Amino acid sequence: MTTYAAPPVRFVEGHGSRLTDDAGRSYLDFLSGLAVTSLGHSHPRVAEALSAQAGRLWHVSNLFGNELAEPLAHRIDELIGDGTPAGGRVFFANSGAEANECAIKLARKGSGPGRHHVVSAYGSFHGRTLATLHATGQPEKHEAFQPLPDGFCHVAFGDMEALGRAADPTVVAAVMLEPIQGEGGVIPAPEGYLEEVRHLCDERGLLLILDEIQTGLGRTGRWFGFQAASIRPDVVTIAKALGNGMPIGACWARAEVAAAFQPGDHGSTFGGQPLACSAAIATLDELQRIGAPRRAEEAGARLASGLEALPGVSHVRGRGLLLGAVLDAGRPAAREVVASALDHGLVINAPAPDVLRFAPPLNVSTAEIDEALAILGKVLA
Ligand code: PLP
C-alpha cells in the first residue's frame with residue numbers, strides 16, 4: 001500500500017555500515033534502518049545465533065515456556081539497572097508500537113477505572129496503532145483516523161507548568177516521554193526536565209513511562225537515555241536495536257507495576273519467541289562486548305564536531321550517535337540534502353524540514369565517519 005513515498009533505491013545486501021543496491025552501487029549507511037542495525041548489517045555473531053536457533057526451535061507460543069525469553073528478560077532488567085538487576089519484569093512484543101501499547105494498557109489496568117489518561121509531549125512519536133498514534137504528539141497525523149481512543153493529551157516538551165496543569169491525578173495514570181525526541185527532529189529533553197517530571201509523578205502517584213525505542217541500548221552514550229538524568233522510570237519500552245533488525249519489542253516495568261497484569265490481560269502470539277530472542281541475546285552480547293555506550297559517545301563526539309564545521313549547518317543536537325544537524329535558518333532544504341547524499345552514496349534522513357538525522361551503527365569506524373563527512377561536505381557545498 002502507498003503508506004510510504006516511492007522508494008528511491010532498492011537494497012539487496014548489507015554488511016557492517018555498507019549497503020549495496022540492485023544496480024551494484026555501494027552506500028555508507030548512517031541511518032541504520034531508523035536506528036535499528038546498531039551493530040551494522042548482517043552481523044556475523046547475530047547471524048550465527050539466528051541460524052543456529054533456526055535449526056533448533058522457532059516458535060511455540062506463550063502457552064509454553066522457552067529457554068531464551070527469561071534469560072533475555074534478565075539481561076534487559078540488568079541493563080536498565082545499569083549493571084545491577086533493576087527488579088523489573090518484561091513483556092515481549094514484536095515492535096515499538098506494541099511495546100508502547102503494553103505500557104499504556106499496564107498503566108490503565110494498574111491505575112484503575114477512571115484514571116486512564118496518558119499525558120505525552122507535542123513532537124513525540126510513539127507508534128502507529130490507534131492508541132500509540134493518539135499518544136504521538138503530532139495532531140496532523142491524527143485527523144484522518146478520528147475518533148482515536150479516548151484518554152490522551154499533550155503538553156509542550158520541556159514545559160513543567162503545562163505538565164503540572166495537565167497531570168490531574170484524578171484522571172491521569174501516566175506521563176509518557178522520549179528522553180530525546182527522535183522522529184520529532186532529534187530534540188533532547190531540556191536539562192533537569194526528566195528529574196522534575198519524576199518528582200511530579202512521585203508527588204501525584206503517576207507512572208513515568210519512558211519510550212526508549214529509539215534512544216535505548218547504547219545509542220545515546222548510556223545504555224538508556226534516562227540514565228544521563230539519574231532517575232528511575234516505572235516503565236521502559238524498547239524495540240528497534242534489540243534484535244539488530246530482527247523484529248522484537250519489550251516493555252519493562254517495575255515488579256509492583258507489572259503485577260497489575262494477570263493471565264489473560266495481555267498477550268502476543270509471536271512475542272518472546274525463540275528465534276527473535278536468539279537474535280536479541282546475541283545483539284546484547286555483542287553490544288556489551290564492544291562497550292557500545294562508550295563507542296557511541298566517542299564516535300558521536302567526532303561526528304558532531306565534524307558536522308558542526310560543515311557549510312550550511314547551524315548547530316548539532318542530540319547525544320552519542322543519535323544526532324540532528326540543523327541547517328542554517330531559512331534553509332528548509334533537508335529533503336534535498338538527503339536525496340543528494342543518497343546520490344553520492346550516503347544514507348541519512350530528514351525528520352524535519354531543516355534537520356538531517358544521523359544514526360550510524362555504534363561500531364562505525366573513524367574512517368567511515370570521515371568518509372560520511374566528506375560526502376556531506378560536498379553535498380552541502
Ligand atoms: N517510539 C519511538 C520513540 C520511535 O522512534 C518509534 C519508531 O520510530 C516507535 C515508538 C514505533 O516503533 P515501531 O515502528 O517499531 O512500531
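We count ligands from 1, going down the list as the structure has it; atoms in each ligand are counted the same way. Keep in mind the model is a prediction, meaning the values are calculated, not measured.
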Without placing hydrogens or testing angles, list every side-chain donor-acceptor pair under 3.5 Å for residues 158-165, not counting sequence neighbours.
unit_1, atom_1, unit_2, atom_2, d
D159, OD1, E161, N, 3.1
D159, OD1, A162, N, 3.0

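Residues Y27 and F11 place their aromatic rings such that the two centres sit under 6.0 Å apart.
Residues of the protein with a heavy atom under 4.0 Å from ligand 1 are S95, G96, A97, N100, F125, H126, G127, E178, E183, D211, I213, Q214, K240, listed by chain and number.
Within the structure, the side chain to side chain donor-acceptor pair (under 3.5 Å) test picks out the following pairs touching residues 83-101 (sequence neighbours left out): N94-E98, N94-S268, S95-E98, N100-D211, N100-T237, E101-T129. Within the structure, the ring-ring contact (aromatic ring centres under 6.0 Å, His included) test picks out the following pairs touching residues 186-216 (sequence neighbours left out): F157-Y193.
Side-chain contact check for R219 and S38: at least one donor-acceptor pair (N or O, by modelled atom type) lies under 3.5 Å.
Note: the hydrophobic cluster containing V236 also contains V197 (ILVMFWY, side chain heavy atoms under 4.5 Å, direct or indirect links).
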